[in-house]
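What follows is a short report on a single structure.
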Amino acid sequence: MIVASWNINSVRLRLPLLLDYMKEIGPDVVCLQELKCLDEQFPRSEIEDAGYNVLVHGQKSWNGVAILSRRPAEEAKRGLPGDENDAQSRYIEATLPFGQGVLRVASIYLPNGNPAPTEKTEYKYAWMDRLHAHARDLLKLEEPLVLAGDYNVIPEPEDVYDPNAWVNDALFRPDTRRKFRALKNLGFTDALRATTDAAKTYTFWDYTSGAWQRNNGLRIDHLLLSPQAADRLVRVAIDKDMRAKEKPSDHVPIRAELRE
DNA sequence: ATGTCGCATTCCATGCGA
């Protein structure tokens, strides 16, 4: 069972790239972020034709998350609990058949929070607190669970090409890192870090300043695994080659294989 | 290097968010 996460930065623009990726890798689940379209604009039929069920939580212009699944997936949550006034589409959760039970998967697009410090940073922190509370509830289910997405969090200095340049950025501020640590400390495993300590293992390169050519990257896309999922972890891969394609997203997919 | 994108607007240039 392969679960992938990819901030695709406009699913309409990058549909050919997505279809190529699904054909090449054959993931069982793909969690997408930054769809940048409404539900009715999502390229549903093309993705269904490729053999995937589609759950979408879209939004005009910005944000938007989806879960694509070869197996029939049941929507469990649309929107992150904890604030009925939050209109941004940044969270969707589903369950699908896995072994004798289910696998629970969430596609997460955590707020960027820049410029910092501003009300955008406060929104990010509040969102992280809400994610923490919901994740705590989910762990009580004692299921295999993958919280997959663009966290907009650089966990550690080795996850950014120049830590000193990022200390005041909302992706690397002490409060951001502290909240991410607290989330993990509920009992999650950072899938990538369970498999390698290698520095310069990035999932994002800015479009500006030749960041890709200079390997000025960030590791901000993460797969957090519940204990029941972590016990089944086989391997993790970052599909870095997707950044070298024509018209790439600024993020690349990250995927984990779980033994069923 | 404020150096790139993608989306939206009353729209062919500019603002916003990342």
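Chain letters run A, B, ... following the sequence lines, proteins first, then strands; residues in each count from 1.
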| field | Rounded interatomic separation in angstrom, taking CG from Asn9(A) and C1' from dG6(B) | value | 6 Å
| Between Arg14(A) and Asn152(A), who's closer to the 5' end of DNA chain B by nearest nucleotide? | Arg14(A)
| Distance in angstrom units between Arg90(A) CZ and dA18(B) C1', rounded | 10 Å
| Sugar-phosphate, base or nothing in reach of Ser209(A), heavy atoms under 4.0 Å | base
| Does the distance from a Lys or Arg side-chain N to an Asp or Glu carboxylate O, for Glu156(A) and Lys184(A), drop under 4.0 Å? | no
| field | Main-chain N/O of Val153(A) paired with His222(A) side-chain donor or acceptor, under 3.5 Å | value | yes
| message | Please classify the nucleic acid contact of Tyr109(A) as base, sugar-phosphate, or nothing, using heavy-atom distances under 4.0 Å. | response | sugar-phosphate
| said: Could you tell me how far dT2(B) sits from dC7(B) if I compare only their P atoms? Round to whole Å. | reply: 25 Å
| task | Could you tell me whether Glu46(A) atom CD has more than 12 heavy atoms of other residues or ligands within 6.0 Å of it? | result | yes
| task | Please say whether more than 12 non-hydrogen atoms of neighbouring residues, nucleotides or ligands are located less than 6.0 Å from NZ in Lys140(A). | result | yes
| remark: Asp206(A) atom CG is separated from dG17(B) atom P, nearest whole Å, by 17 Å
| In whole Å, what is the span from the CG atom of Asn63(A) to the C1' atom of dC7(B)? | 12 Å
| request: Quickly work out the Tyr207(A) OH to dC5(B) P distance and round it to whole Å. | output: 7 Å
| field | Atom CD of Gln213(A): over 12 foreign heavy atoms under 6.0 Å | value | yes
| field | Integer-rounded Å distance: dA18(B) C1' and Asp221(A) CG | value | 13 Å
| Gln88(A) CD to dC7(B) P: how many Å, rounded? | 17 Å
| Gap in Å between the two C1' atoms, one belonging to dG15(B) and one to dT10(B), rounded | 14 Å
| query | Once you round it to whole Å, what is the distance between P of dG6(B) and CG of Leu38(A)? | reply | 19 Å
| query | What interatomic distance, in whole Å, is found between C1' of dC16(B) and the corresponding atom of dC11(B)? | reply | 16 Å
Look for any protein N or O under 3.5 Å of an N or O in nucleotides 8-12 of chain B and output each such pair with its distance, or none.
unit_1: dA8(B); atom_1: OP1; unit_2: Ser61(A); atom_2: N; d: 3.4
unit_1: dT9(B); atom_1: OP1; unit_2: Lys60(A); atom_2: NZ; d: 3.4

| query | Checking Ser107(A) side chain against Leu32(A) main chain: does a donor-acceptor pair fall under 3.5 Å? | reply | yes
| Can Asp190(A) and Arg219(A) be counted as an ion pair, charged N to O under 4.0 angstrom? | yes
| message | On DNA chain B, does the nearest nucleotide to Arg214(A) precede the nearest nucleotide to Leu13(A) from the 5' side, or the other way round? Give the residue. | response | Arg214(A)
